[in-house]
Amino acid sequence: MLLVAFCMTAVTSVSATVLLPADFTTVVAESDTIVHGRVVDVSAGLTGPRRTIESLVTVHVIESLKGASTSDATVTFRVPNGQVGRYRRVLIGAPEFARGDEIVVFLHGQAPAIPTLFGLSQGVYRVVRDARAAPVVIPAPVSALG
């Protein structure tokens, strides 16, 4: 009985992120901004009252597909991961970016708030070049629900 009581008091709160895959039509329709561009800056910092780590990703717009005006040279969005000093935040499902990445991003949220990716990794498509230097878009992998 004492062991059960100890175990009940030792339990801590656990939280999880559950993300259901959305079809492409939903991703497009519910995104406020869609741009094709190249990452020019990634900077992590502490945000909010709980001092969580988030990264701000700045993308040079090659082509605006929805929402962003043609005069916008860059778009910045938030990703819930990053590293500040010796502390690193890794959120499963949140993609990581590096300078030079060519991407198509689907963003949710409008000014004055900084937008976020629609559905975390569902909202980013990587662009790679094949042997002929033709662009090939690679969507993020989505695990099947069982």
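Position 1 is the first residue of the sequence, and the numbers go up from there.
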Under the side chain to side chain contact (heavy atoms under 4.5 Å, CB included) rule, collect the residues that match up with P115, sequence neighbours excluded. F77, L107

Considering non-hydrogen atoms only, spot the tightest contact between [X] and [Y] and give its length.
X	Y	answer
V42	F97	CG2-O, 3.7 Å
V35	V75	CG1-CG2, 4.1 Å
L120	G93	CB-O, 3.0 Å
V124	P95	CG1-CG, 3.9 Å

Heavy-atom check, side chain of [X] versus side chain of [Y], under 4.5 Å:
X	Y	answer
V79	T116	no
V105	I34	no
E96	N81	yes

Taking Q122 for the side chain and V27 for the main chain, is one N or O donor matched with an acceptor at less than 3.5 Å? no

Donor-acceptor contact below 3.5 Å, side chain Q83 vs main chain G85: yes

Same apolar cluster: [X] and [Y], side chain cutoff 4.5 Å:
X	Y	value
I114	V84	no
V128	V104	no
L117	V61	yes

Out of curiosity, [X] [atom1] to [Y] [atom2], how far, rounded to the nearest 0.5 Å?
X	Y	atom1	atom2	answer
Y125	H36	OH	NE2	14.0 Å
R99	R38	CZ	CZ	14.0 Å
I62	I103	CD1	CD1	9.5 Å
S121	I92	OG	CD1	11.0 Å
L46	R89	CG	CZ	10.5 Å
D32	F106	CG	CZ	13.0 Å

Starting from the C-alpha separation in whole Å, work towards a yes-or-no answer on side chain to side chain contact (heavy atoms under 4.5 Å, CB included) for T76 and V59. CA-CA 6 Å; T76 301; V59 175; over 6 Å; no

Are any of the side-chain nitrogens in E30 or K66 under 4.0 Å away from the carboxylate oxygens of its partner? no

Which is it for L65 and E63 under the side chain to side chain contact (heavy atoms under 4.5 Å, CB included) test, yes or no, and what are the steps along the way? CA-CA 6 Å; L65 304 170; E63 182 178 10; 3.6 Å; yes

For H108, I'd like to know if atom NE2 has over 12 heavy atoms of other residues, nucleotides or ligands within 6.0 Å. no

Test item: side-chain donor near acceptor, T58 and T74, under 3.5 Å: no

Show your working on side chain to side chain contact (heavy atoms under 4.5 Å, CB included) between V39 and V57 and close with a plain yes or no. CA-CA 7 Å; V39 176; V57 180; 4.0 Å; yes

Salt bridge (charged side-chain N to carboxylate O under 4.0 Å, His left out): pairs with one or both residues in residues 75-87, sequence neighbours excluded: E54-R78

